[in-house]
Amino acid sequence: DTEVTQTPKHLVMGMTNKKSLKCEQHMGHRAMYWYKQKAKKPPELMFVYSYEKLSINESVPSRFSPECPNSSLLNLHLHALQPEDSALYLCASSQGDRYNEQFFGPGTRLTVL
Amino acid sequence: LAKTTQPISMDSYEGQEVNITCSHNNIATNDYITWYQQFPSQGPRFIIQGYKTKVTNEVASLFIPADRKSSTLSLPRVSLSDTAVYYCLVGDLAYGGSQGNLIFGKGTKLSVKP
């Protein structure tokens with residue numbers, strides 16, 4: 001299995017809702033990432049988990065809360081988002097010692113109303 | 001933090017060889033050069049990675065001169081399906097707290113025409 005899967009594919013939520021994005025990989029990768037990508041812009045790194053520990057938080061607002069329950073799963077909990085948070089949220093994974101070679105999922109298209 | 005500079009866009013025709021150059025004047029000794037491809041509404045896909053000289057795989061070639069201040073991604077005989085954005089990244093293979101290897105530049109939008 002060489003895939004990173006993300007659910008849901010699309011998500012529409014109001015500013016008062018709480019929702020979660022899910023990411024899963026079964027490649028034995030020990031590093032997992034969350035990126036945010038706005039239209040016609042490059043992906044922006046949000047969080048990095050290395051060996052199930054949060055190693056990087058790129059000054060992301062607290063309304064985004066990552067969680068890594070085990071080495072195969074990565075969640076992004078969303079609460080009180082703003083319309084400007086609407087974007088494509090990408091999950092990626094890599095081997096623990098090959099951070100440059102990342103495998104990306106198809107993303108979750110998030111719309112905040 | 002090695003910053004990268006790429007052309008914003010390039011046009012080509014089917015069957016041609018395409019070369020996309022990336023400048024990275026501040027590349028550090030431990031930095032590797034990595035290229036990704038991204039189609040609309042999809043996640044980026046790793047293409048190739050190198051440190052010096054030339055690297056070739058089934059998809060592309062990567063040429064890196066001796067001073068490593070630039071690199072060129074070469075796509076042989078492109079097809080319409082190669083129309084995508086191509087990103088050049090430079091950074092340390094071992095993350096170790098460095099941000100460089102996880103920062104995407106603006107990318108080059110390649111349009112392949114029939």
Side-chain angles (χ1 to χ4, degrees), chain A residues 2-7 9-10 21 23-25 27 29-51 53-60 74 87-111, chain B residues 1-9 22 24 27-28 30-51 55 57 59-60 62 64 71 73 84-109 111:
Chain A
T2 59
E3 250 191 337
V4 175
T5 59
Q6 290 187 243
T7 55
K9 290 185 178 180
H10 301 275
L21 309 184
C23 173
E24 190 168 4
Q25 58 87 13
M27 294 179 279
H29 290 171
R30 302 308 299 271
M32 296 187 77
Y33 313 80
W34 281 115
Y35 290 84
K36 173 183 177 180
Q37 186 173 28
K38 304 281 277 185
K40 300 188 185 301
K41 298 290 186 181
E44 297 178 15
L45 180 66
M46 300 176 70
F47 302 104
V48 179
Y49 273 85
S50 181
Y51 295 87
K53 293 184 179 180
L54 183 64
S55 60
I56 291 293
N57 175 341
E58 292 290 344
S59 302
V60 179
L74 187 66
L88 181 68
Y89 288 84
L90 294 162
C91 173
S93 70
S94 68
Q95 294 183 22
D97 60 350
R98 294 182 63 86
Y99 297 103
N100 280 348
E101 187 173 349
Q102 298 180 24
F103 291 74
F104 282 80
T108 293
R109 177 72 63 187
L110 174 68
T111 302
Chain B
L1 201 65
K3 181 180 177 181
T4 60
T5 302
Q6 303 173 234
I8 294 175
S9 63
C22 178
H24 28 79
I27 190 168
N30 293 334
D31 286 347
Y32 278 69
I33 300 155
T34 310
W35 286 80
Y36 282 81
Q37 173 194 56
Q38 187 176 25
F39 299 112
S41 297
Q42 293 187 26
R45 182 177 74 105
F46 173 90
I47 300 175
I48 198 167
Q49 178 175 273
Y51 183 80
V55 179
N57 62 23
V59 177
L62 179 60
I64 305 168
S71 59
L73 175 72
V85 177
Y86 292 83
Y87 294 102
C88 166
L89 288 78
V90 173
D92 195 333
L93 181 65
Y95 188 75
S98 168
Q99 300 177 17
N101 60 320
L102 299 177
I103 305 296
F104 284 77
K106 295 183 178 179
T108 297
K109 185 175 182 180
S111 297

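First the proteins, then the strands, lettered A, B, ... as listed; each starts at 1. Bear in mind the structure is a predicted one, so any value in this text is a computation, not a measurement.
- The CD atom of A:Glu101 lies 11.0 Å from the CD1 atom of B:Ile48; values are rounded to the nearest 0.5 Å.
- A:Tyr35 has its side chain out of reach of B:Pro44: every pair of non-hydrogen atoms, C-beta onward, lies at least 4.5 Å apart.
- Looking only at side-chain heavy atoms (C-beta outward), B:Leu89 and A:Gln102 stay at 4.5 Å or farther from each other.
- Only the side chain of A:Gln37 comes within contact range of chain B, judged by heavy atoms closer than 4.5 Å.
- Across every non-hydrogen atom of B:Gly105 and A:Pro42, the tightest pair is O-CB, 3.0 Å.
- Under the rule for a side chain to side chain donor-acceptor pair (under 3.5 Å), A:Tyr89 has no partner lying at least two apart in sequence or in another chain.
- Within a 6.0 Å sphere centred on NZ of A:Lys38, other residues, nucleotides and ligands contribute more than 12 heavy atoms.
- With sequence neighbours left out, B:Phe46 forms a ring-ring contact (aromatic ring centres under 6.0 Å, His included) with B:Tyr36.
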